[in-house]
Every structure is written in structure tokens, then in C-alpha cells.
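Reviewing the structure listed below.
Computed from heavy atoms alone, side chains included, the values below leave out hydrogens, waters and symmetry copies. Every chain is numbered from 1 and lettered A, B, ... according to where its sequence line falls, protein lines coming before strand lines. Keep in mind it's a predicted model, so treat the numbers as computed, not measured.
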There are 2 protein chains.
Amino acid sequence: MPDALTATDDVHHVDDSALRAFFGYRMKRSFNVIQADLALALKPFELRMLTFTALTLVVSNPGLRQSQLAEAMDVERPNLVTIVEELVRRDLISKERVPTDRRAYSLQATRQGRMLCAEATMAVTAHEEALLGGLGEEIRAGAIEAMNRIEQGRQRD
Amino acid sequence: MPDALTATDDVHHVDDSALRAFFGYRMKRSFNVIQADLALALKPFELRMLTFTALTLVVSNPGLRQSQLAEAMDVERPNLVTIVEELVRRDLISKERVPTDRRAYSLQATRQGRMLCAEATMAVTAHEEALLGGLGEEIRAGAIEAMNRIEQGRQRD
DNA sequence: TATTGTTATACTCTATAACTATA
DNA sequence: TATAGTTATAGAGTATAACAATA
């Protein structure tokens with residue numbers, strides 16, 4: 001029990017108002033909640049956010065190359081290697097050499113991969129609906145719009 | 001230039017619409033942008049997000065104990081040790097034994113720590129204003145409201 | 001027995017340089 | 001020479017178990 005203090009010291013709960021003035025602070029805290037919930041939703045499928053993201057992109061884009069996948073995921077190429085390895089090892093995707101460019105690999109989801117992706121997608125959708133369903137349409141739309149603009153505002157410099 | 005491909009293969013840009021259906025995916029991407037900008041704003045002060053957060057909380061809550069700081073930051077106690085160490089080493093905060101409980105340490109910001117915190121706060125504020133200023137008041141308010149509710153786990157409407 | 005701060009450890013995510021085999 | 005994928009490596013951030021000192 002963390003509220004067991006009594007006499008000598010004030011238990012005034014910590015003042016973080018100075019931090020709450022920052023968008024980034026609030027976002028980190030709420031992102032932690034979202035991510036924990038997402039991890040929970042993906043756990044039954046033995047997927048992490050990164051492997052789920054990669055699998056979904058390969059399912060949606062048959063024949064995708066690793067370099068394209070890395071760029072789409074905003075991940076450095078070396079960090080994608082183990083992710084792809086894991087998905088191949090579990091027979092969720094397959095790698096084939098591209099005939100016209102033997103340096104490259106073309107990624108395809110297997111039938112098993114497409115099925116797992118569909119199931120995981122439903123689970124994640126249900127989890128997010130449970131977590132965000134009570135938000136209200138206009139609040140949710142505002143949040144999504146804000147996130148879109150923030151993400152797109154990155155390119156200028 | 002990533003659009004240098006021509007004849008043989010389609011360069012159809014990757015379809016991530018299946019992922020964009022997820023709040024968590026959008027949030028991760030936009031959080032990455034926010035965090036990168038925050039790191040840039042804090043770099044001149046040699047602060048990271050975690051050290052800035054800890055410093056600000058100690059400034060706002062003189063006498064705070066490490067366990068309280070850890071709880072406020074949503075960080076496990078062992079992971080706070082190096083953060084506090086770094087701030088103490090740089091003479092931004094000080095640790096004193098609590099007389100009434102000699103297990104605990106009481107954290108205080110030094111004058112130097114308060115000054116650096118104030119400067120860093122201004123820099124972060126300016127950075128966020130530059131990054132988010134074009135959002136529009138109602139969109140921004142919607143995003144903040146959404147993040148607040150997500151963090152609190154509230155589904156009320 | 002429980003708690004504060006600490007050590008040790010491990011796992012995930014991320015970032016960079018350098019290698020290989022192709023082009 | 002440049003690119004695709006890989007290896008090796010290093011740094012953050014995070015999580016748990018176990019310990020010493022103290023309550």
C-alpha cells in the first residue's frame with residue numbers, strides 16, 4: 001500500500017503540472033498505456049508491435065522488399081533483419097530472391113501468416129475499441145488529425 | 001532519391017492503410033516525431049527526456065524521495081538510480097538522508113539545477129510551439145483531452 | 001516482516017560502421 | 001561506384017530478482 005504514510009511527512013501527491021504543460025510528456029504517458037494494451041492484445045499470437053507491423057505490411061504489400069519495408073516502418077535496415085528472420089522462422093512470411101536483382105529479397109506472407117495477421121488484427125481492433133471506445137467521436141477525430149499533422153510535419157527542415 | 005526505380009518493377013508506395021486503422025500505430029509514429037524534437041531541444045543542455053523529467057519534478061517538489069519520483073515517472077526504482085546519479089554528478093540536484101527514515105533520500109534541486117531547468121523548459125516550450133503551433137486550438141485540445149483520458153484509463157463520455 | 005535504495009542482469013528497440021554479393 | 005541485405009556492436013530504455021541497511 002503506497003498510501004501508508006501518516007504523521008511526520010506530507011503525502012502531497014507529486015506535482016507534475018510543469019510537465020503537463022508539455023504535449024510530449026502527456027503523449028509519452030498515454031503512449032505507454034496504448035503500447036502496453038497493444039502488447040497485451042498481441043501476446044496470444046506471440047507478436048510484438050514490430051513483428052505485427054512488419055507482418056501486416058507484408059500481407060498488404062505482397063512482394064515487398066526488405067528495404068521498402070524498413071523505410072515504411074521507419075526502422076534501420078539492420079534492425080529489420082531479426083524481425084524478418086523471426087517471421088520467416090515461424091513460417092508467417094517467405095523470402096524469395098528477386099530474379100531481376102539478385103541482391104534483393106521479395107517478401108510474401110504465407111497462408112498461415114495471413115490468417116494470423118487477420119486474427120491479430122481483430123484482437124487489436126477489439127482492444128483499441130475497448131480502450132478508446134468511450135472517447136467520443138470528435139475528440140478521437142481531433143487526436144487522429146493532430147497525430148497525422150505531427151507525423152507529416154516532420155519532413156520540413 | 002528513393003524514387004529512382006524505373007522500368008521493371010512498380011514503385012507503388014507501401015500501403016499501410018491496414019495499420020493506419022490503429023490508433024496505436026499512428027500514435028507511435030507521431031510520438032517518434034515529438035520525441036525526436038524534444039531530444040533536439042534538450043541536447044544543448046545535455047538532458048534527455050528522462051533526466052529533464054526527473055529534474056523538473058524535483059524542482060517542483062523539493063524534498064521528493066526517489067521512490068516517489070520513480071512512481072511519478074512510471075519508472076522502476078532500479079532504473080532511476082543512474083538518472084539520479086547523473087543529476088547529482090552534474091550538481092543539478094542533491095541527495096540528503098531523511099532524518100526520520102534513514103533508508104530514504106530526500107532530493108533537492110540546486111540553484112544551478114533550477115536555472116538549467118528553467119532554461120530547458122523555455123527551450124522545450126519554444127520547440128513545441130514551433131512544432132504544434134499550426135495545429136489549431138480545437139484539434140490540439142481534442143488531442144490533449146484524448147491523451148488525458150487514455151492515461152487515466154477513463155472510458156466515460 | 002516490509003521498505004529504500006542499490007547491484008546485477010537481461011531483453012527490447014534503436015543507431016552506426018563495415019562486410020558480402022550483387023548491380 | 002553504388003545498393004540490398006547482413007554482421008557486429010553499442011547505446012538507451014525497461015523489467016525482475018536479490019541484497020544491505022533500516023524500519
Side-chain angles (χ1 to χ4, degrees), chain A residues 1-9 11 28-29 31-33 35-36 38-40 42-43 46-54 63-88 93 95-107, chain B residues 1-9 11 28-29 31-33 35-36 38-39 42-43 46-54 63-71 73-88 93 95-107:
Chain A
M1 278 63 184
D3 55 348
L5 295 184
T6 44
T8 52
D9 267 323
V11 192
K28 181 181 184 180
R29 296 186 72 95
F31 178 61
N32 283 348
V33 175
Q35 194 173 32
L38 187 55
L40 209 65
L42 291 174
K43 199 173 184 184
E46 294 182 271
L47 290 170
R48 295 163 287 140
M49 188 165 184
L50 283 170
T51 50
F52 174 64
T53 303
L64 199 66
R65 299 186 190 182
Q66 280 192 210
S67 55
Q68 294 175 305
L69 180 55
E71 192 188 351
M73 289 178 67
D74 263 325
V75 163
E76 297 301 319
R77 264 70 84 218
N79 297 326
L80 194 61
V81 173
T82 57
I83 295 169
V84 168
E85 252 175 13
E86 182 179 335
L87 294 175
V88 169
I93 69 175
K95 282 168 67 172
E96 291 174 25
R97 286 222 119 99
V98 176
T100 57
D101 185 346
R102 289 181 41 76
R103 295 172 299 182
Y105 285 96
S106 155
L107 305 176
Chain B
M1 277 60 182
D3 55 349
L5 296 183
T6 43
T8 53
D9 270 322
V11 193
K28 181 182 184 178
R29 295 185 73 95
F31 178 61
N32 283 348
V33 175
Q35 193 174 31
L38 188 54
L42 291 174
K43 198 173 184 184
E46 293 182 272
L47 289 170
R48 294 164 289 140
M49 189 165 183
L50 282 170
T51 50
F52 174 64
T53 303
L64 199 66
R65 300 186 189 180
Q66 281 192 207
S67 55
Q68 295 176 305
L69 180 56
E71 192 188 351
M73 289 178 67
D74 263 325
V75 164
E76 297 300 320
R77 264 70 83 218
N79 297 326
L80 195 61
V81 173
T82 56
I83 295 170
V84 168
E85 252 176 12
E86 181 180 333
L87 294 174
V88 168
I93 69 174
K95 281 169 66 172
E96 292 174 25
R97 285 221 119 98
V98 176
T100 57
D101 184 347
R102 289 179 42 76
R103 295 172 300 182
Y105 285 96
S106 154
L107 304 177

Let me spell it out: for each of B:Arg97 and A:Asn32, pick the nucleotide of DNA chain D with the closest heavy atom. Which residue's pick is nearer the 5' end?
A:Asn32
Atom CD in B:Gln35, atom CG in B:Leu42: separation rounded to 0.5 Å?
10.5 Å
Roughly, in whole Å, what's the span from NZ in B:Lys43 to C1' in D:dA12?
15 Å
Figure out the CD/C1' separation between A:Gln35 and D:dA15, and round it to whole Å.
14 Å
Need one value for A:Leu50: base, sugar-phosphate or nothing, where a base atom within 4.0 Å counts as base even if backbone is also close, heavy atoms only.
sugar-phosphate
Rounded (10°) bend between the five-pair end axes of the helix from C:dT1-D:dA23 to C:dA23-D:dT1
10°
I need the CZ-P distance between A:Phe31 and D:dG13, as an integer number of Å.
15 Å
Using a strict threshold of under 4.0 Å (side-chain N to carboxylate O), is an ion pair present between B:Arg48 and B:Glu86?
yes
So does B:Lys95 get a side-chain nitrogen or oxygen closer than 4.0 Å to the phosphate oxygens (OP1/OP2) of C:dT4?
no
What's the CE-P distance between B:Met49 and C:dT14, to the nearest Å?
15 Å
Please state how far atom CG in A:Leu42 lies from atom P in C:dT12, giving the value in whole angstrom units.
15 Å
Picking from C:dT6, D:dT22, D:dG5, which would you name as closest to the side chain of B:Asp101?
D:dT22
Whether A:Gln68 contacts D:dA4 is assessed here as follows: a side-chain N or O lying under 4.0 Å from the phosphate OP1 or OP2. Is that the case?
no
Would you indicate which nucleotide in D:dT7, D:dT14, D:dG5 comes nearest to any side-chain atom of A:Glu85?
D:dT7
When you measure from the side-chain N and O atoms of A:Lys28 to the phosphate of D:dG13, is any distance below 4.0 Å, counting only OP1 and OP2?
no
Using every non-hydrogen atom in the two residues, find where A:Met49 and A:Leu38 come nearest and quote the distance to one decimal.
SD-CD2, 3.6 Å
Starting at atom CD of B:Gln66, determine the distance to atom C1' of D:dA21, rounded to an integer number of angstrom.
15 Å
Point-to-point distance, once rounded to the nearest 0.5 Å, from OG of A:Ser106 to CD1 of A:Ile93
10.0 Å
Let's go through B:Glu85 and B:Val81 carefully: what are the C-alpha distance in whole Å and the side-chain angles of both, what is the deciding distance for side chain to side chain contact (heavy atoms under 4.5 Å, CB included) to 0.1 Å, and is it a yes or a no?
CA-CA 6 Å; B:Glu85 252 176 12; B:Val81 173; 4.2 Å; yes
Interatomic distance where CD belongs to A:Glu96 and C1' belongs to D:dG5 [whole Å]
16 Å
Could you check whether any side-chain heavy atom of B:Glu96 comes within less than 4.5 Å of a side-chain heavy atom of B:Tyr105, counting everything from C-beta outward?
no
To the nearest Å, give me how far apart CG (B:Leu80) and P (D:dA15) are.
13 Å
How many angstroms lie between NZ in A:Lys43 and CG in A:Leu47, if you round to the nearest 0.5 Å?
13.5 Å
Of all heavy-atom pairs linking B:Leu107 and B:Arg65, the shortest is CD1-C, 4.4 Å
Which of these passes side chain to side chain contact (heavy atoms under 4.5 Å, CB included) with B:Val75: B:Arg77, B:Glu71, B:Met73?
B:Met73
Got a list of protein N/O to nucleotides 16-20 of chain C N/O distances below 3.5 Å?
none

Between A:Arg48 and A:Arg103, whichever has its closest DNA chain C nucleotide further toward 5' is A:Arg48
Can you give me the closest heavy-atom contact between A:Ala70 and A:Leu80, atom names plus distance?
N-CD2, 3.6 Å
Examine C:dG5: is either OP1 or OP2 under 4.0 Å from a nitrogen or oxygen in the side chain of B:Ser67? Give yes or no.
yes
